[in-house]
Every structure is written in C-alpha cells, then in structure tokens.
Amino acid sequence: MQKKLVIYLLSYNRPEYIGEALDSILAQDYKDFDLIISENSTNDKVTRLLETQPSYKNIKVIKRSPSLPSLQHFNTVLKEVQSYEYAMLFHDDDILMPQAITQMMRQFELNPSCIAVACNATVIKTTVKTDLLLSPYIKENLVIHSQSQLIKRYVFKRLSHTAFPSYIYKTSAIGDSQLDPKDGGRHSDVSFLLKLVKKGSFFWLAQPYMYTRLHGENDSAVVDLNHIAKLSLFFLKTSPHLGAYVAFYFAKKVAKKIKMAIGF
C-alpha cells in the first residue's frame, strides 16, 4: 500500500557518502514513508554498493540511463512524486537525524496552512562532523509568508536560510513547478522556492535535524557570476522594491570572486 510520504534520495556519483545518507533514512523513528533512490550516476559504483549491501536490497531504485543533467534530474523527480501527498527530495551526501521526519511531519498537523516544512542543519566538513550550524542566526522557529521575506534570508547572512534538501513539500502545492535555469542557473533551487512560497507559507524549524555536508563539489563552493547574476535578476523581478538589497548581494559575490582570483 502506498504511503502518504515519499522520500526520494537523489544519487549522483557519491558511493563514499550515499551509505550514510541511506542508513540515516532507514533509521528514522517515523516509518510511514516510501523510499526511492533516483540513481543518476555516470558509472556503476553506486549500483554495485546497493547490490552488495543486504540492508539496501529491498529499496526501490530508479536507474536514470543515460544520466540526466542535474536540474533535469530534479525536475523529473518533481513529476514522479505527484502521486504522494508529501515528498522529500534528499541529497546523497547529507544525513538525517533519527527524529527528523517525525518532527517535520508534525508541523504539517500543527500548521495546516503551510505547504512546506524545513529544518536547520549541522555542518559536516567533508567527513568531519562539527558543532557548527548552517544557519546559526535562526534561533527560533519561523514561518516564511512572502517572497520578499525569503529573498532577504538569502541576501543577508545574519538572517540566513534552511538547507534545500531539508524540505518536505505538500505535492499539491508543487503542481507543475520546476527548477528553471534561466531563473538562477545552478541556484534555481532558490527561485523554485520563491515561486512556491507564493502558493503558501513555509515552516522552518530552528532545531538542526540533519547534517549537511560541505565539500568541493557543492554548488555553493563555486562563485559563478553568470549564475549569481541570473538569480539576482530574478530577485529584482520578483521584488523590485528590494533593488538596493539585491545590488548589495551581487556586489558581495563580485568581491568574493575577485578575492578568489587574486588569492586572498
């Protein structure tokens, strides 16, 4: 019997990390969900791992062949979750804490008008767990009501935001929404959330119920001004009255790029 929640684990060439991600999902104290691995790797290392570990053999795996570009992969999964009431699209290099799903699903009951719930995260630097919070300035639970409120969370470090893979969505609110590269390039996950918050509020848990892994392959590790410019323009189009804030945000990214280029 199909469950009301599906957790998709998006996999791409990370056999060294995916086992921790999978084990953390299987260890959830909330059990009423279907788990599906969307295997988008360009080699068979993850497939071999899944086939050789007894605890993974009964997990449903959808093999993408040929491998899809990252945004197309995410958009494909967004279409596939529509038969469920709730969906989480988790990353293969992150880790859920055992009570994560219980705590997030509880918020949908307490806040029925919310269309998405997310949580704070503790940082793993490659393989080393730290005590650092991804968003140390989120000190209490928040309800995000508007696009401008969300934009400010990305523009100002001292406001900060939750991790994208921490979200659980009401699939009825997702509808035909997609990640559109023209609205942010590699950062179109942000523009996706901005489009979604127009349909209803987000509930953010200040408590970190997951670990997010920071390493050299993260999109955030690379400052590409072309992609930043696309996102900044989307910010401006969405909330023109925030123009000064957005200009400040773009200037910060330019300065960071210059410092990287000259070795500071």
Side-chain angles (χ1 to χ4, degrees), residues 1-12 18 21-22 25-26 28 30-41 46 50 58-92 94 96 100-119 144-145 147 150 162-184 186-205 209-210 234 238:
M1 182 177 177
Q2 180 172 291
K3 309 296 177 64
K4 67 178 182 179
L5 167 67
V6 63
I7 301 177
Y8 260 81
L9 185 62
L10 277 64
S11 168
Y12 182 75
I18 193 172
L22 271 173
I25 296 171
L26 294 173
Q28 291 299 298
Y30 184 99
K31 302 296 184 183
D32 191 25
F33 64 87
D34 286 334
L35 172 59
I36 299 173
I37 301 172
S38 182
E39 215 314 69
N40 193 43
S41 298
V46 170
L50 297 175
N58 293 325
I59 299 173
K60 181 178 179 180
V61 179
I62 300 176
K63 175 61 181 174
R64 312 296 177 181
S65 184
S67 178
L68 302 172
S70 59
L71 294 189
Q72 186 180 344
H73 182 208
F74 194 93
N75 287 338
T76 298
V77 173
L78 283 177
K79 293 178 181 177
E80 292 175 354
V81 302
Q82 292 296 320
S83 62
Y84 290 84
E85 187 176 354
Y86 300 94
M88 181 182 218
L89 282 67
F90 201 61
H91 291 178
D92 59 354
D94 294 327
L96 284 175
I101 304 301
T102 294
Q103 293 298 325
M104 287 192 279
M105 290 299 290
R106 181 170 177 265
Q107 299 310 317
F108 285 111
E109 298 176 7
L110 297 175
N111 304 277
S113 64
C114 285
I115 62 168
V117 175
C119 66
I144 305 299
H145 296 287
Q147 290 178 313
L150 187 58
T162 52
F164 186 58
S166 76
Y167 277 85
I168 297 178
Y169 307 96
K170 283 184 179 177
T171 59
S172 58
I174 294 174
D176 59 358
S177 299
Q178 298 271 281
L179 272 69
D180 190 336
K182 77 175 187 303
D183 293 332
R186 69 172 70 207
H187 308 297
S188 57
D189 54 344
V190 181
S191 56
F192 168 79
L193 292 175
L194 282 166
K195 294 170 188 175
L196 205 61
V197 80
K198 286 182 68 176
K199 302 179 181 180
S201 300
F202 298 168
F203 191 93
W204 285 0
L205 288 159
Y209 287 113
M210 64 170 286
F234 186 79
T238 303

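Atom set for the values below is all heavy atoms of this structure, side chains included, hydrogens, waters and symmetry mates excluded. When a residue number appears, it is its place in the shown sequence, counting from 1.
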### Query
Do the non-hydrogen side-chain atoms of Phe33 and Ile25 ever get within less than 4.5 Å of each other?
yes
> Do Gln103 and Cys119 touch side chain to side chain, with heavy atoms closer than 4.5 Å?
Replying inline: no
_Contact between Asp92 and Ile37 at the side-chain level, heavy atoms closer than 4.5 Å - yes or no?_
no
To the nearest 0.5 Å, atom CG of Leu78 lies from atom CD of Gln72 at 12.5 Å
Taking the side chain as C-beta and beyond, is there a heavy-atom pair between Lys60 and Asp34 under 4.5 Å?
-> no
Which of Phe90, Tyr8, Phe202 passes ring pair (Phe, Tyr, Trp, His ring centres under 6.0 Å) with Tyr167? Answer is Phe202
So OG of Ser188 and CG of Leu194: to nearest 0.5 Å the spacing works out to 11.5 Å
Point to revise | Side-chain touch Val117/Asn111, heavy atoms, less than 4.5 angstrom | key: no
Review point. Are any non-hydrogen side-chain atoms of Leu50 and Leu22 less than 4.5 angstrom apart?
Key: yes
In short, Met210 meets Ser166 closest at the heavy-atom pair SD-CB, 3.4 Å
task: Go through the steps to decide whether Phe164 and Phe74 satisfy the test ring-ring contact (aromatic ring centres under 6.0 Å, His included), and finish with yes or no.
output: CA-CA 12 Å; Phe164 186 58; Phe74 194 93; 5.4 Å; yes
Quick one: does any side-chain atom of Ser201 pair with a main-chain N or O of Cys114 as donor and acceptor, under 3.5 Å? no
Distance col, row Tyr84:OH vs Lys3:NZ, nearest 0.5 angstrom, shows 9.0 Å
In short, salt bridge (charged side-chain N to carboxylate O under 4.0 Å, His left out) pairs touching residues 190-202 with sequence neighbours left out are Asp183-Lys195
Less than 4.5 Å apart, side chain to side chain, heavy atoms only: is that true for Leu96 and Met88? yes
Next item on the list: Please answer whether the main-chain N or O of Gln178 pairs with a side-chain N or O of Asn75 as donor and acceptor at a distance below 3.5 Å.
Entry: no
query = Crowded around Lys79 NZ? As in, over 12 foreign heavy atoms under 6.0 Å?
reply = no
Rounded to the nearest 0.5 Å, the CG atom of Leu196 sits from the OG atom of Ser191 at a distance of 11.0 Å
Value for CG (Asn40) from CD1 (Ile62), rounded to nearest 0.5 Å, stands at 11.5 Å
Rounding to 0.5 Å, atoms NE2 (His91) and OG (Ser11) come to a distance of 11.5 Å
Heavy-atom nearest pair, Phe192 first then Ser177, reads CE1-CB, 3.8 Å
Please report the C-alpha distance between Met105 and Tyr30 in whole Å, then the side-chain angles of each, then the deciding distance to 0.1 Å, and finally whether the side chain to side chain contact (heavy atoms under 4.5 Å, CB included) criterion is met. CA-CA 9 Å; Met105 290 299 290; Tyr30 184 99; 3.8 Å; yes
In terms of heavy-atom contacts, His73 and Ser38 come closest through NE2-OG, 2.6 Å
Test item: side-chain donor near acceptor, Gln82 and Thr171, under 3.5 Å: no
Heavy-atom closest pair (Lys170 atom, Pro112 atom, distance to 0.1 Å) is NZ-O, 2.7 Å
Glu80 meets the salt bridge (Lys or Arg N to Asp or Glu O under 4.0 Å) criterion, sequence neighbours left out, with Arg64
Point to revise | Side-chain heavy-atom pair Asp32, Leu5 within 4.5 angstrom cut-off | key: no
